[in-house]
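Scroll down for the structure; my scribbles are underneath it.
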Amino acid sequence: MIAMSASNFRVSEDLRWRGLIYQVSHDQVIDLIDNGEAVAYIGFDPSGDSLHVGNLIQLLNLRRLQLAGNSVIALAGGATGMVGDPSGRSQERNLLDQDVLESNVAKIRVQLGKFLDFESKSAKAHLLNNADWLSNYSILNFLRDVGKHITVNQMMMKDSVRVRLDERDSGLSFTEFSYMLLQAADFAHLSDTYGCNLQMGASDQWGNVVTGIELIRKTRQRSVYGVTSPLLLKADGTKFGKSVNGGVYLDPERTSEYEFYQFFLRSPDQEMSQLLKFFTFFSRDETQDLIDSSIQRPEEREAQRALASSMTELVHGSDGLAMAVNASEALFSDDLYSVDDRALSMALAGAPRSVIARDLLIQTANIVEFILGAGLVTSKSEARKLIQQGGLYLNNRRIEDDQRVVTLDDLLGIGAVLLRKGKRDYLLVDAK
RNA sequence: GGGUCGGUGCCCGAGCGGUCAAAGGGAGCAGACUGUAAAUCUGCCGGUUACGCCUACGUAGGUUCGAACCCUACCCGGCCCA
């Protein structure tokens, strides 16, 4: 599967073929990474308590480099998160509480760690938090060590800043303006203490990366490099990574294994080539076969299946994948009643679920109240509209009447009721 | 601190005394078509005890029979000046 060990393998070629290289600061980077001499770092923003599929691309890039023999550093931005990166943002962000931030960092560290190999002797991996060196950096020293070497003129030229200055009704605070200096200081610190010589990131990080390179060149007379990867956009040009219930996260508490699998399974045909290249570790041949299949027999969705399986397994392990696949098959089977209860119960272990009081069913509950209580809809009018429009299914049977009541008789053998909104938004409701 | 422009529903954006739950667009939701795809078409898109009522147009007051629209103060943002 992971065709990394072949002696003639060159990561740079692989990355380029995958379309993962957008900008490169110096051509030397290519040799550096091909020879396994890079010590590469990528920073991750802890503004949420879980990484999402967008971050995953970057994290996998780090993994790709490590598999090719380079050392890597995953950095959680415990300090920079306190300030907020203006890159790619059209609005000033709100500051996060310190304790929220700390708990986010703790959770993200765990996720980051899962994708790197800490055992390797030659290709080392480090997991760091920049709060460890930035928190106690005195402002005076910072201004002298870092600020002195970067002119405001340069900073103003950066896209992330310029966009905000040109913007009609949102400004840019000094705090966010300073962000790139903090990131530059990180790079310098990592260069000093870990021999870090390469910073990577998504293309919106280019300005920050370059600032770090500048700083190190001026203050350390040392050459370090930068590489960015393109921002992944959907075929229609909008942001990638949104599903029915918001973002797609790596944390199963936020995005269940089933939902995660489904997200990739539903990928549009048009995006398959790019998604396979960005996310998977399939070889060139394997990838090409999948792309061909997708073009010739799109209705089979072979590529989607391969992508979804591969990603789910990578993030949630083989158990997680099994749960996701079982739940998917059970939920999308034509006749739910034909599946025996035991199998159903197992299969639906990974399905989205909620709980409702059994007593409610004993007294019989109105369908509208029932689905509201279950959390399938957020108001009674939404519930009624859903039914009127023919979008509500109970145990895979369409409900036409909003006066319908739900009773114990509606419980499947597994002691739960299966609700469905629209074509594919399922919710299993346990009666307890 | 002064001047000036602005703050409208999830977002963008009209409205500028009644006919405004508020045009239009986007997003979202549902339906049809299909392959759990895309595109397209249709309907919905504040809540509710549902042709009524409640909540909403930065916040608090005021004028008026009646305000998102007028007045006052305050808060927040942009720009310019100091």
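Chain identifiers are assigned alphabetically (A, B, ...) following the order of the sequence lines, protein sequences preceding nucleic acid strands; residue numbering begins at 1 within each chain.
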Distance alone, cut at 3.5 Å: any donor-acceptor contact between the side chains of A/D159 and A/W206? no
Check ion pair A/K385-A/E382 (N to O, under 4.0 angstrom): no
Taking B/rA38, B/rG31, B/rG43 as options, the one with an atom nearest any side-chain atom of A/P268 is B/rA38
For A/F281, is the NZ or CZ atom of A/R64 found under 6.0 angstrom from the centre of its six-membered ring and inside 45 degrees of the ring axis? yes
Please determine whether a side-chain nitrogen of the Lys or Arg among A/R10 and A/D14 lies less than 4.0 Å from a carboxylate oxygen of the Asp or Glu. no
Distances for protein N or O near nucleotides 46-49 of chain B N or O, under 3.5 Å:
{"unit_1": "B/rG47", "atom_1": "OP1", "unit_2": "A/S379", "atom_2": "OG", "d": "3.2"}
{"unit_1": "B/rU48", "atom_1": "OP1", "unit_2": "A/K380", "atom_2": "N", "d": "2.8"}
{"unit_1": "B/rU48", "atom_1": "OP2", "unit_2": "A/S381", "atom_2": "N", "d": "2.9"}
{"unit_1": "B/rU48", "atom_1": "OP2", "unit_2": "A/S381", "atom_2": "OG", "d": "2.2"}
{"unit_1": "B/rU49", "atom_1": "OP1", "unit_2": "A/K380", "atom_2": "NZ", "d": "3.1"}

Rounding to the closest angstrom, what is the interatomic distance between B/rU8 and B/rA14 at atom P? 11 Å
Distance alone, cut at 3.5 Å: any donor-acceptor contact between the side chains of A/N130 and A/T80? yes
Separation of atom CZ in A/F263 from atom P in B/rA37, rounded to whole Å: 14 Å
Sidechain-backbone polar pair: A/Q111 side chain, A/L51 backbone, donor-acceptor under 3.5 Å: yes
Here's one to test your reading of the geometry: is the NZ or CZ of A/R254 within 45 degrees of the ring axis of A/Y249 and under 6.0 Å from its centre? yes
Taking the basic N atoms (NZ, or NE/NH1/NH2) and the acidic carboxylate oxygens, is any pair closer than 4.0 Å for A/E176 and A/R164? yes
Sugar-phosphate, base or nothing in reach of A/L265, heavy atoms under 4.0 Å: base
When the distance from CD of A/E400 to P of B/rG31 is rounded to whole Å, what number comes out? 12 Å
Using the C1' atom in both, what is the distance from B/rC54 to B/rC5, to the nearest Å? 35 Å
In whole Å, I'd like the distance from the CG atom of A/D425 to the P atom of B/rU36. 16 Å
Once you apply the 3.5 Å cut-off to both distances, tell me the Watson-Crick or G-U wobble partner of B/rC74, or none. B/rG58
Counting only Watson-Crick pairs (N1-N3 plus N6-O4 or O6-N4) and G-U wobbles (N1-O2, O6-N3), all under 3.5 Å, who is the partner of B/rC69? none
Separation of B/rU36 P from A/N396 CG (nearest whole Å): 13 Å
A/H316: ring pair (Phe, Tyr, Trp, His ring centres under 6.0 Å) partners, not counting sequence neighbours: A/F260
Would you say the side chain of A/Q389 and the base of B/rG43 hold a donor-acceptor pair, judged only by whether the two atoms sit under 3.5 Å apart? yes
Give the residues of residues 291-304 of chain A touching RNA chain B, defined as any heavy atom closer than 4.0 Å, sorted by residue number. A/P298, A/E299, A/R301, A/Q304
Round to a whole Å and report the spacing from CG of A/D402 to C1' of B/rA50. 12 Å
Using 0.5 Å steps for rounding, measure from the CG atom of A/L314 to the CZ atom of A/F279. 10.5 Å
Keeping A/D402 on the side-chain end and A/I387 on the backbone end, is there a donor-acceptor pair under 3.5 Å? no
For atom C1', what is the distance between B/rU63 and B/rC75, given to the nearest Å? 23 Å
From C-beta outward on A/Y393, which listed nucleotide comes closest to its side chain: B/rG31, B/rU34, B/rU36? B/rG31
Where does B/rC45 fall, syn or anti, if syn means a chi angle no more than 90° from 0? anti
Look at A/R397 together with A/D410 and state whether they make a salt bridge at an N to O cut-off of under 4.0 Å. no
Considering Watson-Crick and G-U wobble pairs with both distances under 3.5 Å, what does B/rA32 pair with? B/rU40
By nearest atom, which of the nucleotides B/rU36, B/rA38, B/rA32 is closest to the A/Q270 side chain? B/rA38
Pick the C1' atom in B/rU36 and in B/rA30, then give their distance to the nearest Å. 16 Å
May I ask you to evaluate whether A/K423 reaches the phosphate of B/rC33, defined as a side-chain N or O under 4.0 Å from OP1 or OP2? no
Would you mind reading off the distance between A/Y426 atom OH and B/rA30 atom P, rounded to a whole angstrom? 13 Å
Between C1' of B/rA37 and CZ of A/R424, the distance in whole Å: 9 Å
Which whole number of Å gives the distance between the P atom of B/rG78 and that of B/rC71? 24 Å
With C1' as the reference atom in both, quote the distance from B/rU72 to B/rA21 in angstrom, rounded to an integer. 28 Å
Can you check the distance between B/rA82 and B/rG13, where both ends of the measurement are the C1' atom (answer in whole Å)? 35 Å
Give me the distance, rounded to whole Å, that separates B/rC69 from B/rG15 when you measure between the C1' atoms they each carry. 8 Å
Taking for each residue the nucleotide of RNA chain B with the nearest heavy atom, is it A/Q262 or A/L392 whose nucleotide lies nearer the 5' end? A/L392
How do A/Y258 and A/K421 order along RNA chain B: which one's closest nucleotide is nearer the 5' end? A/K421
Between B/rA30 atom P and A/I371 atom CD1, what is the distance in whole Å? 12 Å
